[in-house]
Structure formats: structure tokens, C-alpha cells
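Okay, structure first, notes after.
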Amino acid sequence: MSEKTSSAEGIEWDLTDLYKDIDDPKLEEDISDALGRADEFRDKYGGKLKDGELSPEQLRDVVKEMEDIYETMARVGYFAMLYYSQNTQEPERGALYAKSQQKSSELKNKLIFFELEWQGLDDDKAEEYMAAEELDKYKNFLRHWRKYKPYMLSESEEQIMESLQNTGKKAFVRLFDETIGDIGVEIEDEDREMVLDQALSLLYDVDRDKRKKAAKGVTSSLKDKKKLLTFIFNNIVLNHATIGKFRDYPDPMTARNLDNRVEKETVDALIEACLENVDIVHRFYNLKRQIMDIDKLYDYDRYCPMPGGTPETTFESSKEKVLKAYEKFSPKMRKIAEEFFDKGWIDAELKAGKRGGAFSAGTIPSVHPYILLNFTDRTRDMMTMAHELGHGVHQYLSREQGYLQQSTPLTTAEMASVFGEMLLFDKMMDEVDDPKTKLTLLGNKLQDDFATVFRQIVMTRFEQKLHAKRKEKGELPPEVINELWLEANQEQFGDSVELTDDYGWWWSYVLHFVHYPFYCYAYAFGELLVLALYDLYKEQGDEFVPKYLDMLRRGGSENPEDLLRRVGVDISDPEFWNRGLAVLRKHVETAEELAKEAGMAE
Ligand SMILES: [Zn+2]
């Protein structure tokens with residue numbers, strides 16, 4: 001396996017707040033405790049809700065009990081997932097992870113009757129419950145559950161579906177993770193084999209030759225695995241379609257939109273607004289081409305830093321900068337973020353077999369979130385740190401809503417993370433004066449913003465095409481998927497970036513397509529939302545801060561639409577997306593002016 005180094009060496013999780021280690025007897029105890037209590041729960045309450053025998057007060061206690069049971073099992077699940085993420089190649093970790101998934105399905109099967117009984121109530125009865133004061137705490141959760149009513153199956157069908165997911169979707173997800181985690185990339189002139197994340201991070205290198213060779217290495221590693229990866233993708237898509245057919249979803253994105261608690265119309269308006277504004281992407285890359293003084297930008301040039309480069313950073317100095325940026329917004333936010341560093345809630349070092357990318361896992365309300373980073377000492381990693389800490393603070397604050405309502409849907413989950421990035425960026429911009437350095441910072445930020453907004457819309461468009469094509473043509477060969485990928489990307493770049501045939505293969509490592517179909521638009525949603533929110537913050541100053549933190553604290557106890565109304569934003573307005581896009585357009589114009597000022601463009 002390849003060896004890896006960065007300044008984050010030794011920055012590892014302390015998972016003992018969940019369990020002492022993999023041999024902790026408490027793990028087994030919790031599993032059997034949760035399953036045992038679920039049996040009792042079923043014996044005690046089966047049929048009661050359906051027959052209208054529960055008072056609102058009783059229903060509240062019943063939901064509370066169910067919440068406790070789920071939380072117990074979630075402790076096991078999160079420990080297993082985190083432990084596995086640290087090393088996906090170690091069999092005992094994989095085995096524990098598989099076991100936790102199996103047990104959690106078992107639990108869900110025992111408790112699913114309750115969800116079905118709740119959905120089975122007629123509307124009047126359900127409204128009566130939801131109007132009751134006693135159920136205030138769980139109102140949003142109960143209302144949300146009702147929305148799935150038209151798509152639910154019978155209890156035994158639901159149980160079969162849930163059980164088969166372990167050898168269906170979940171198995172393919174794991175196979176994908178292990179395949180990607182096991183990829184070693186060989187790059188010309190680099191003396192050691194790299195893990196995929198590290199090779200991809202070379203695309204941010206100033207040296208064009210290095211980027212080109214890295215891209216070549218990545219393509220060739222992906223091609224080596226094309227059979228397996230294509231097979232996984234085909235099955236994930238078919239699995240998604242099969243479930244959609246049984247549940248009678250009108251659209252492949254229905255389940256995601258339901259989970260995100262947004263209407264299809266809102267998502268369509270978002271995609272539409274982005275497509276109407278792709279000219280700013282072209283303008284930006286044309287500017288970049290001039291600044292870099294090259295004839296043509298290729299796909300491997302997309303992430304090349306602006307001239308002036310971005311200096312390397314270290315874990316420690318990134319930590320200081322991020323904390324200071326957070327502090328400027330709110331000392332309370334800094335204090336929370338600091339705990340993550342002080343208490344071993346972050347795993348940042350590079351390790352063979354470690355899961356790629358970065359995430360913050362909220363875990364359970366009685367514990368705290370854990371953050372995973374793969375810190376490679378680039379400024380981008382500092383941004384990722386600010387991003388994940390945004391999630392972390394959000395998850396930390398929303399614990400008071402309890403297990404069932406702590407998490408926000410994806411759309412607003414990306415809000416705090418992107419806001420965290422903005423805080424860091426603003427601080428960095430404040431610290432410099434000369435146009436060239438400002439341009440470098442702004443250009444790099446725009447590049448990231450485009451990756452968060454337009455690239456995610458590309459991803460979503462690609463997935464729409466992929467799912468439609470799979471349905472139309474059956475199992476797809478990789479070459480066809482390559483075409484769909486290039487087509488979706490071309491839409492974004494126009495003539496401003498030349499996409500090579502090699503780039504056609506680059507869909508095959510994107511985790512989101514496999515783990516969370518149609519996830520990606522949530523990033524664009526979050527980013528554009530934050531651009532609007534951040535404008536509000538600048539307008540209102542300190543007055544905005546408590547409202548923002550209060551919104552985070554509310555977690556998933558209200559729908560995004562209602563939550564955002566608290567800070568003065570109306571996301572149901574189709575014009576809303578244009579506001580965030582207008583900020584981006586303004587940034588592009590500023591970059592053009594700065595480039596002129598610095599004598600780097602006409
Ligand atoms: Zn995120």
C-alpha cells in the first residue's frame with residue numbers, strides 16, 4: 001500500500017465517547033438491548049395507534065420510547081461506520097460495519113409497523129394529533145412521516161425491502177468504497193504510488209505538467225477498474241429504479257426531494273436558474289485562460305490555482321485561521337469548533353485504506369459529531385476544514401432536538417458548512433490589499449463556488465440522463481456513460497474548457513452517485529442560499545448572528561422553508577435563486593476588474 005504524509009499526522013479520532021474499542025462488551029449489549037426493547041415495544045403498542053386507542057400524551061411517550069430505541073442502535077451504527085472509515089481494508093472493521101447495518105435493518109423491521117400505522121390514519125385523525133399541544137415536540141417529524149404515505153408498502157413488503165438492501169444497495173456501496181479505497185494511482189515522475197484523493201489533489205498544483213500527468217494516472221487507474229465500477233453503477237441505478245417502481249414514485253428524484261423536504265418545483269427552478277447563468281462560468285474560465293496566458297484550458301487545468309498560487313498550509317495553521325474566522329462571527333461558534341480539536345473529534349491524517357473525502361457525522365444527541373478529513377496540506381484542505389466544522393457546529397447545536405429531529409435535510413445541511421467557508425474566505429480577503437493577491441483569492445474562491453454550484457448541477461443533470469438511459473437501454477457499457485458525463489459537463493463549460501476523452505471516465509469515482517443518488521443539487525442549493533444569507537449578514541451585522549445560531553439550533557424540527565423565513569429568506573419564490581447567482585456574477589465582474597488593474601487581462 002502507498003505511504004502518505006502530511007502535517008496532520010497523528011490527528012486521529014478518539015472514539016471512546018461511543019465505545020471503548022471494537023471489543024467493548026457494551027457494543028453487543030446495546031444491540032441486544034435495542035432489539036429486545038423493540039420486541040416489547042411491538043407487543044405493547046402494535047395495533048394501538050391504528051385503533052385510535054392512544055391519547056396525544058400517550059402517543060408522545062410512545063414516540064419518545066421509539067426514539068430511545070433507535071438512538072441506542074445508532075450509537076452502534078455510528079461507531080461501526082466511523083471505525084470502518086478509518087480503515088476500509090481491515091476485515092474486522094468491515095465485519096462490524098456489516099453487522100451493524102444488518103442489526104439496524106432488523107430493528108427497523110421490528111418498528112416499521114408504527115410508521116405504517118401512523119401513515120394509515122385518516123387525515124382528520126392525524127391532524128387532530130398534530131394539533132395537540134402534547135405532541136408539539138414531534139410535530140414536524142410526524143408531519144414529515146405522513147408525506148411518505150402514498151409511497152409506502154405493506155409491512156411485510158417493507159421488511160423484505162429493508163432486509164434485501166443489505167445484499168443490494170448497501171452491499172454495492174461497500175464494494176464501491178473498498179474498490180475506490182484500494183486504488184493506487186501511478187503517476188509519471190512521482191516516485192510513489194498514491195491513493196486516489198492524493199492524486200486528485202495534484203490537479204490543484206501550479207505545475208501544468210504535473211496536473212496533466214496526475215490526470216493521466218487517475219484516468220488509467222479508473223480504466224483498470226472500469227468493469228467493476230460500471231457494474232456497480234448499473235446495479236445502483238437499477239436498484240433505485242426497482243424501488244421507485246414498487247413505491248410508485250413519479251420521478252427518480254422523488255425520494256430525494258421528499259427526504260430533502262423540498263418541492264420538485266423548487267429544485268427545477270434551481271436547475272433552470274443555474275443553466276440560464278452558465279455564461280458566467282464561460283466568462284470566468286476565459287478570464288482564467290488570459291491570466292494564465294495559455295491558448296486553451298483543458299479539463300486538467302480547471303482547478304489550477306490562480307497565479308500567485310496558494311501557499312501550502314499546515315493543519316495547525318489552518319486550525320488557527322478557521323477558529324479566528326469563526327470567532328469574528330461569533331465567539332460561541334469558535335468555542336464549539338475548538339472542542340472538535342481539543343477532544344479528538346477530528347480524524348485528519350492520511351492513512352492507507354482510509355475512506356476518501358471528508359464528512360462530519362452528527363452521530364447521536366447524547367454524544368457529539370465526529371469529523372473526517374484527508375488533510376493534504378493545501379489551502380483547499382483548510383477550506384474543507386472550515387466546511388466540515390460548519391456541519392459540526394450545526395450538528396452540535398441541534399442535538400437538543402433529539403435523535404429524530406436533530407438532522408436537517410441535505411438542502412439545509414449544506415448551509416452551515418458553506419457559511420463556514422464564507423467566514424474563512426472573508427477573513428482571508430480582509431487581510432490583503434493588492435489587486436493581484438485579491439484576484440488570486442477571489443479567483444480560487446470562484447472556482448470552488450462554481451464547483452459547488454454549477455458542477456453539482458452538472459452532476460444532477462448527468463444522473464438524470466444516466467437513470468433515464470439505463471431505463472431505456474438496459475445495462476449500459478462504460479463508453480455510453482462516458483458520453484453522458486461529457487455531455488453534461490460540456491453544457492457547463494461551453495467552449496471555455498476543452499474536455500479530453502480521458503475525462504469521460506471521471507464519473508466512475510464520484511461517491512455521491514453510488515451512496516446518495518441525486519444528492520448533489522443540495523450543494524448548489526446550500527451555496528446559493530448562503531450567498532443570499534451572507535449578504536443579509538453583511539447588511540444586518542451582529543443583529544443577524546443570534547438569528548442564524550437559533551436557526552442552526554432548531555435542526556430538523558422545522559421545514560427548510562419555515563426555518564429560513566426566520567432569518568428573512570423565502571425559498572419558495574422562484575426568483576430566489578437569482579439572488580445568489582447575482583452575487584456570483586458580481587464576483588466574476590470584480591475578478592475581471594482586478595485582472596485589468598493588475599495588468600493581467602484586457
Ligand atoms: Zn458538506
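In what follows, residues are counted from 1 in the order of the sequence shown. Bear in mind the structure is a predicted one, so any value in this text is a computation, not a measurement. Counting starts at 1 for both ligands and their atoms, following the listed order.
Atom CH2 of Trp507 sits about 9.0 Å away from atom CG of Leu222, to the nearest 0.5 Å.
Ion pairing between Asp426 and Lys538 holds under the 4.0 Å rule for side-chain N and carboxylate O. Salt-bridge formation is detected for the pair Asp347/Lys354: a Lys NZ or Arg NE/NH1/NH2 atom is positioned less than 4.0 Å from an Asp or Glu carboxylate oxygen.
Within the protein, the N, O or S atoms lying under 2.8 Å from the Zn ion (ligand 1) are His387 NE2, His391 NE2, Glu414 OE1, Glu414 OE2.
When Gln405, Glu400, Arg566 are each tested for a side-chain contact (heavy atoms from CB on, under 4.5 Å) with Arg554, only one passes: Arg566.
Shown here is Lys547, whose NZ atom has more than 12 heavy atoms of other residues, nucleotides or ligands within 6.0 Å.
Every residue meeting the side chain to side chain donor-acceptor pair (under 3.5 Å) condition with Glu178, not counting sequence neighbours, appears here in chain and number order: Tyr84, Arg174.
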